[in-house]
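Please read all numbers here as calculations on a predicted model, not as lab measurements. When reading the values below, keep in mind they use all heavy atoms of this one structure, side chains included, and skip hydrogens, waters and symmetry mates.
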Amino acid sequence: MFEWAYDGVNSSIPRNVGPECAHYLSTKRKIIETAFVSIFIISFWVWGFKKITLPKRLPYVNQDRLGKRVLLIIMSMVLGVEIGFKFTSRTIIYLLNPCHITTAMQIYLLAADPSPMVTSIFRIHLNLMNGPVLAFLFPETESRRIFPDKAVYYIQHGLMLVIPYYLLRIGGVYNVEPLSDLNWSILSYGFNLAYHFWILQLIALPVQVNLSHMLCSAVLDPFEGQNYRMGAFVHQGLLCPFLSKLLCYLYDYLLTKCPLTKVKPSLEIALPRRKYEDENNKQVSNKLENGHTHLEIVLPDHVTIGDK
């Protein structure tokens, strides 16, 4: 019924598709591993939702900027081209891979109005940066047969690392927890595991397509064998928060300390808005905890309320 979504998957690539990959692990082992990991998923969610915090009384100020619009347009076009290639090659199922989901999250972050939800999604998506990093370290472009398709692969994953940097540069609603706080990382890893074991695995099994290596290990996987998924459960559980904190530390250095790129004294501070902004951007919403709305008017530096 849905063959049009996956019948273009390249079967000549080892462990990419087919019954050999689908039966790499026994059904019994898949059930046991899924049950085992599900205990951790629920535990991570319970822990995370109890422990995570957001800044109190954060002013949710409209931070519409030209750079955000440009990045939104570029990333949307890149994702659109990627979707076009997938439809053309009849490999639409690959749109479910985690990096495409993270890309969609970044498009939302660039387009959405400031809110606590934006801050939450921004912090969660920072813990998914293992995707673009691993994509560059271990590129999987064998199934991309033409150069533009391969180029989009690298452009997309490069933008995935640029966008968090730009949003942290803006600051305000795009902020991160202290480096010592692992609660967001724990919650995010719970979501990551649930997506792999509860969604990707259930979709991959009937169509026998190795989505995100949930059916069989990669040929070059150092943990190749019957325990490769448990190995990934451990090493990705360490890698995801490590990369998230490392990138935040690097972005913090570039934005607040490096003489060549420093734009503000600390990462928490919102980047000052430019003078002479569009009239629609002068009124912004500041949603406080009591639910009231406060309108803030941003004036050029040389103008005061008393000027006539």
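Shown are Arg169, Lys264, Lys257, Lys262; of these, the salt bridge (charged side-chain N to carboxylate O under 4.0 Å, His left out) with Asp252 is made only by Lys257.
The aromatic rings of Phe36 and Phe233 sit perpendicular to each other, their planes meeting at more than 60°, with 30° as the lower class boundary. Relative ring orientation between Phe191 and Trp45 is described as tilted, the plane-to-plane angle lying within the 30° to 60° band. Note: Tyr228 and Tyr24 have perpendicular aromatic rings, judged against thresholds of 30 and 60 degrees for the angle between ring planes.
Under the 3.5 Å distance criterion, the side-chain polar atoms of Ser244 are left unmatched by any main-chain donor or acceptor of Cys240. Of the possible donor and acceptor atoms, one in the side chain of Tyr189 sits under 3.5 Å from a partner among the backbone N and O of Gly237. At least one donor-acceptor pair closer than 3.5 Å links the side chain of Lys245 to the backbone N or O of Asp181. With hydrogens and angles disregarded, a donor-acceptor distance shorter than 3.5 Å links the side chain of Asn210 to the backbone of Met214.
The residues Arg69 and Asp64 are annotated as salt-bridged, a charged nitrogen and a carboxylate oxygen being separated by less than 4.0 angstrom. With salt bridges taken as basic N to acidic carboxylate O contacts below 4.0 Å, one links Arg144 and Glu82. Checked for salt-bridge contact, Glu224 and Arg15 meet the test: a charged N lies under 4.0 Å from a carboxylate O. A salt bridge does not link Glu177 to Lys51: none of the charged nitrogens lies less than 4.0 Å from a carboxylate oxygen.
Ring to ring, His157 and Tyr154 are not that close: their centroids are 6.0 angstrom or more apart.
The closest side-chain heavy-atom distance from Asn227 to Phe223 is not below 4.5 Å. Residues Phe44 and Ser188 form no side-chain contact, since every pair of their non-hydrogen atoms from C-beta on lies 4.5 Å or further apart.
The OH atom of Tyr165 lies 12.5 Å from the CG atom of Leu247; values are rounded to the nearest 0.5 Å.
Scanning all heavy atoms of the two residues, the minimum distance from Arg65 to Tyr166 falls at CB-OH, 3.7 Å.
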